[in-house]
Amino acid sequence: MAFSRIHWRYSMVVTRFAPSPTGYLHVGGARTALFCWLMARHHNGRMILRIEDTDQKRNTPTAAKQVQDDLRWLGIEWDEGPEVGGPNGPYAQSERLDIYKKYMDKLLAEGKAYYCFDTPEELKAMRDQAEKAKKSLIYRAPAVLPTEADAQKAREEGRPVTVRFAMPDKDMVITDVVRDECTFKRDELSDFIIQKSDGFPTYHFACVVDDELMEITHIIRGQEHLMNTPWHVAMQESLGFKTPVYVHMSVTMSETGGKLSKRERPKALKNIIKQTGDIDLDALTAAAGIDAEEMSRFLKGKAVPDMPVIDKMAGYLGISLPEINVVDFMKSGYLPETMVNFLALLGWNPGGDREIMTTDELIECFDISRFAKSNSLFDRKKLLSFNTEHIRMLSPEKLLFHFKNYLKIVNSVVLCDDDKLLARLVRINEGARTLADIERKCRFLFADDDDLDYDMKSVKKVLLKKDGLAMLGLVGETLKGLGELSPASIEKCLRGLAEEKEVGLGKVAQPLRVGICGNTVSPPIFDSVDMLGMDRTLNRIEITLKKFGD
RNA sequence: GCCCCCAUCGUCUAGCGGCCUAGGACGCCGGGUUCUCAUCCCGGUAACAGGGGUUCGAGUCCCCUUGGGGGUACCA
């Protein structure tokens, strides 16, 4: 195929992940980063991380750091970029302004770009007019290009001064690994802004310059950039740059339709608030730490609060929002190995029946020619099953590492320094689907005996019906007689009791479980009792009997 | 509106003109194991969007229709 010829022109594969620091890294971005990284690793090449912060309005100061943390959590390490440095720095576009100026001046001097002085209002009028003619606005250079002096004058008069790139007088044909050739007609390609009135280059310009200077060989990005490519290629031709190999990946879709986006969570939250009648809005506003005005704007769909505020509201309401950002998945107890495996299989596959793979296997079999053309839906159920599989596959050491990390992130009561205990908790929860499942089932161990969180549904079902309480008392009596405590001895004891009473083990274990854990879900009962210890087990049984006895 | 891209089970997909009576995975349904939740094991359900061509032969190539998605910014 054509592209396999293309990439041996390069001595080394260089890819780049170029996020704009507008917030947390979401799964769509993570997928793009992953493929850039797999491509680089498979070919023993380099991956560059570049921060595209040319929009002064949208950038948030902590976002770049957050994105880097999320990439690292996934195990995606860049060879060049922020924090690691490299020969092609700086790696934030806002620090490369002087570089762009050089190329901007060149284009201007050669008449390949030109000044514009339109106000937003004037532009809108032009667009409206074009729309009436059932076309989109195609901006073209005036017959006589404005001079530097004209630009200076406009600046003094307070008019906005932008620079547009003059599209060449021809159709553009671009080559894409996923879609082969795409042709764009000259009539459809407007001259576009490459320098904003604030003096910053637009993404299009900065990206083309940087990709050349950083010697990027393969650009892997979302299909939403396909329409930008003729512009980029036109600039490359004008500046005498090489054209890299383009790989436009299909888009990841949400179950609710449309591109999976960060707006999903606020949207879901808003819907829940609106659909649930009896929510104390004042309390919610207070819990979120915002004012009534902002809450009202949010509910009317006029403003979207920051993610931490959204999280606080969800926390207050006790609901979980669909995970979108990498941190969301982290907090839901997914493993990085799961995310990498799952994301790699969205719009890409190694062929045949292979699905569950380690990261090393993915690197090994990654092949740029195996991207799917069609969009794919993010299926959370399948993700869950992948996580179950990876939890099973991972070594106890790695699992313990992830579990501790998880406990820290969610600030769990289970977090402690006793690695032996934590390792045991992980081990006895074999078959768990998420780290959150493990954590939830182990909380009872860390509660005070007299402050156990009883789930009333469980209590009613197991203790208050039939002779549940009586059985619990009996279990307590029987356990008292047990000398040495171990899972095996407890098992023998409880099985003996069940046999004696001619009932199934469940009839014995469930009352005990509710008695010491407060609900019907816990790790295996023998381990649960063993870990709690005899004193606390008996203590809890006594407290439970007293509490629900009459 | 205009431009571009896409189209196999509900979902992710294998398939690159005869190996397809269309394979796998998730889900779902049924059964089994089990002290709870899970896990695990067995079985089942289910797809080539529609219509034209090309060809001895089409899920695979071409065209149209329909449907979905993306773009249409001084966002990236």
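The basis for the numbers below is simple: all heavy atoms, side chains too, and nothing from hydrogens, waters or symmetry mates. Residue numbering restarts at 1 for every chain, and letters A, B, ... go by the order of the sequence lines. Computed from a predicted model, the values in this text were never measured in an experiment.
- Distances shown here put a side-chain N or O of A/K57 below 4.0 Å from the OP1 or OP2 atom of B/C75.
- Using a 4.0 Å heavy-atom cutoff across all strands shown, A/R495 reaches sugar-phosphate atoms only and no base atom.
- The side-chain tip of A/R164 does not point at the ring of A/F192 from less than 6.0 angstrom away and within 45° of straight on.
- Residue A/R513 is classed as a base contact, given a heavy-atom separation below 4.0 Å to a base.
- Among the atoms of the strands shown, base atoms are found under 4.0 Å from some heavy atom of A/N228.
- You won't find any donor-acceptor pair under 3.5 Å spanning the side chain of A/K135 and the base of B/C2, going by distance alone.
- At a threshold of 4.5 Å between non-hydrogen side-chain atoms, the residues A/M249 and A/Q223 do not count as touching.
- Residue A/N375 is classed as a sugar-phosphate contact, given heavy-atom separations below 4.0 Å to backbone atoms only.
- Using modelled atom types, one side-chain atom of A/D171 and one backbone atom of A/R186 make a donor-acceptor pair closer than 3.5 Å.
- Looking at heavy-atom distances under 4.0 Å, A/H225 makes contact with a base.
- A/R159 has no side-chain polar atom (N or O) that falls below the 4.0 Å cut-off from OP1 or OP2 of B/C74.
- Using a 4.0 Å heavy-atom distance criterion, A/R127 is classed as a sugar-phosphate-only contact.
- Here A/F342 lies out of heavy-atom contact (under 4.0 Å) with every strand.
- As judged by a 4.0 angstrom heavy-atom cut-off over every strand, A/R58 is placed among the base-contacting residues.
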Report task. Decide yes or no on side chain to side chain donor-acceptor pair (under 3.5 Å) for A/D210 and A/Y91, but give the supporting numbers first. Result -> CA-CA 9 Å; A/D210 288 343; A/Y91 294 95; over 6 Å; no
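- Remark: A/K135 does not engage A/E131 in a salt bridge, criterion side-chain N to carboxylate O under 4.0 Å.
- Across every strand in view, B/U34 sits unpaired, with no contact that passes the Watson-Crick or G-U test at under 3.5 angstrom.
- Within the 4.0 angstrom heavy-atom criterion, base atoms lie near A/K441.
- At the heavy-atom level, A/E131 lies nowhere under 4.0 Å from the strands shown.
- Taking side-chain N and O atoms only, A/S385 has no distance below 4.0 Å to OP1 or OP2 of B/A25.
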